[in-house]
Amino acid sequence: ETGVTQSPTHLIKTRGQQVTLRCSSQSGHNTVSWYQQALGQGPQFIFQYYREEENGRGNFPPRFSGLQFPNYSSELNVNALELDDSALYLCAFGGYSYEQYFGPGTRLTVT
Amino acid sequence: AQKVTQAQTEISVVEKEDVTLDCVYETRDTTYYLFWYKQPPSGELVFLIRRNSFDEQNEISGRYSWNFQKSTSSFNFTITASQVVDSAVYFCALGTSYDKVIFGPGTSLSVIP
């Protein structure tokens, strides 16, 4: 039990739509990262937020954006959904030099 | 380039056997961090261990042990006397200031009773 929650658990969207995923932690970590995990692959780093500002980004287009709130919870927004966006989206609290505490993920299916 | 390779895609062992999961990494950073995570069928990634690049001491935690060798850029993970509950996908990961945390493709371990 990591104390990290994500909502919703599952989501089905249509190509071209927009989606918002949410993540929060009981522990108050000030660094949150988002990952995309396609089926059968390792998590791919999307971006990281530290004290409400993006401070690192992986190889993802600008239609992937995020927010971090003063209570350190976070949102991942994806615009203009594509079929390849279907994946498990994981958030994690903790930085690159520390263990990260992952949530259970949101399974997004784009049809 | 920053990269993590886990050459073993799937491993199957009989309960009580020992098993080693291989991890090879690439980075030009002199300061970096290595991790192992476990992902059971439920999907939630569970942290197992963290090592920094200046600490090459091997570590043992119960049935788990880790062998960090900078000379070969490897960070291997051994489970002794495997149990059915060890069945999961195991990820090796590299943390650097440039690319944040990079995960390997994972090794799926099946422990057969």
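In the text below, chain A, chain B and the rest are named by the order of the sequence lines, each starting its count at 1.
- With a threshold of 4.5 angstrom between heavy atoms, B:Y37 approaches chain A through side-chain atoms but not through N, CA, C or O.
- Other residues, nucleotides and ligands contribute over 12 non-hydrogen atoms within 6.0 Å of the CZ atom of B:R63.
- B:E44 and A:G103 make their closest contact through CG-O, 3.8 Å (heavy atoms, listed as atom of the first residue, atom of the second, distance).
- Interface remark: of the candidates A:Q44, A:Q37, A:Q41, A:Q37 forms the most heavy-atom pairs closer than 4.5 Å to chain B.
- Crowding of A:Q26 atom CD: a count of heavy atoms from other residues, nucleotides or ligands under 6.0 Å not exceeding 12.
- Neither the backbone nor the side chain of A:N59 has a heavy atom closer than 4.5 Å to any heavy atom of chain B.
- Residue A:I12 places its CD1 atom among 12 or fewer non-hydrogen atoms of other residues, nucleotides or ligands, all under 6.0 Å distant.
- Here the closest heavy-atom approach between residue B:G43 and residue A:L88 is recorded as O-CD2, 4.4 Å.
- Of all residues spanning residues 104-113 of chain B, those with a heavy atom less than 4.5 Å away from chain A's heavy atoms are B:G104, B:P105, arranged by number.
- Under a hydrophobic clustering in which Ile, Leu, Val, Met, Phe, Trp and Tyr are joined whenever their side-chain heavy atoms come within less than 4.5 Å, directly or via other members, B:F103 and B:V24 fall into different clusters.
- Looking at A:Y35, the atoms closer than 4.5 Å to chain B (heavy atoms on both sides) all sit in the side chain, from C-beta outward.
- Heavy atoms closer than 4.5 Å to chain A are found in the side chain of B:Q39, but not in its backbone.
- For B:K3, the NZ atom sits in a loose shell: 12 or fewer heavy atoms of surrounding residues, nucleotides or ligands are nearer than 6.0 Å.
- Under the 4.5 Å side-chain contact rule for hydrophobic residues, A:L83 and A:V78 share a cluster.
- With hydrophobic clusters built from ILVMFWY side chains whose heavy atoms lie under 4.5 angstrom apart, A:W34 shares a cluster with A:F64.
- The side-chain heavy atoms of A:S33 and B:V101, taken from C-beta on, include no pair separated by under 4.5 Å.
- Linking Ile, Leu, Val, Met, Phe, Trp and Tyr whenever their side-chain heavy atoms come within less than 4.5 Å puts B:L48 and B:V13 in one cluster.
- Note on B:V46 and A:L90: separate hydrophobic clusters, where clusters join Ile, Leu, Val, Met, Phe, Trp and Tyr whose side-chain heavy atoms are under 4.5 Å apart, directly or indirectly.
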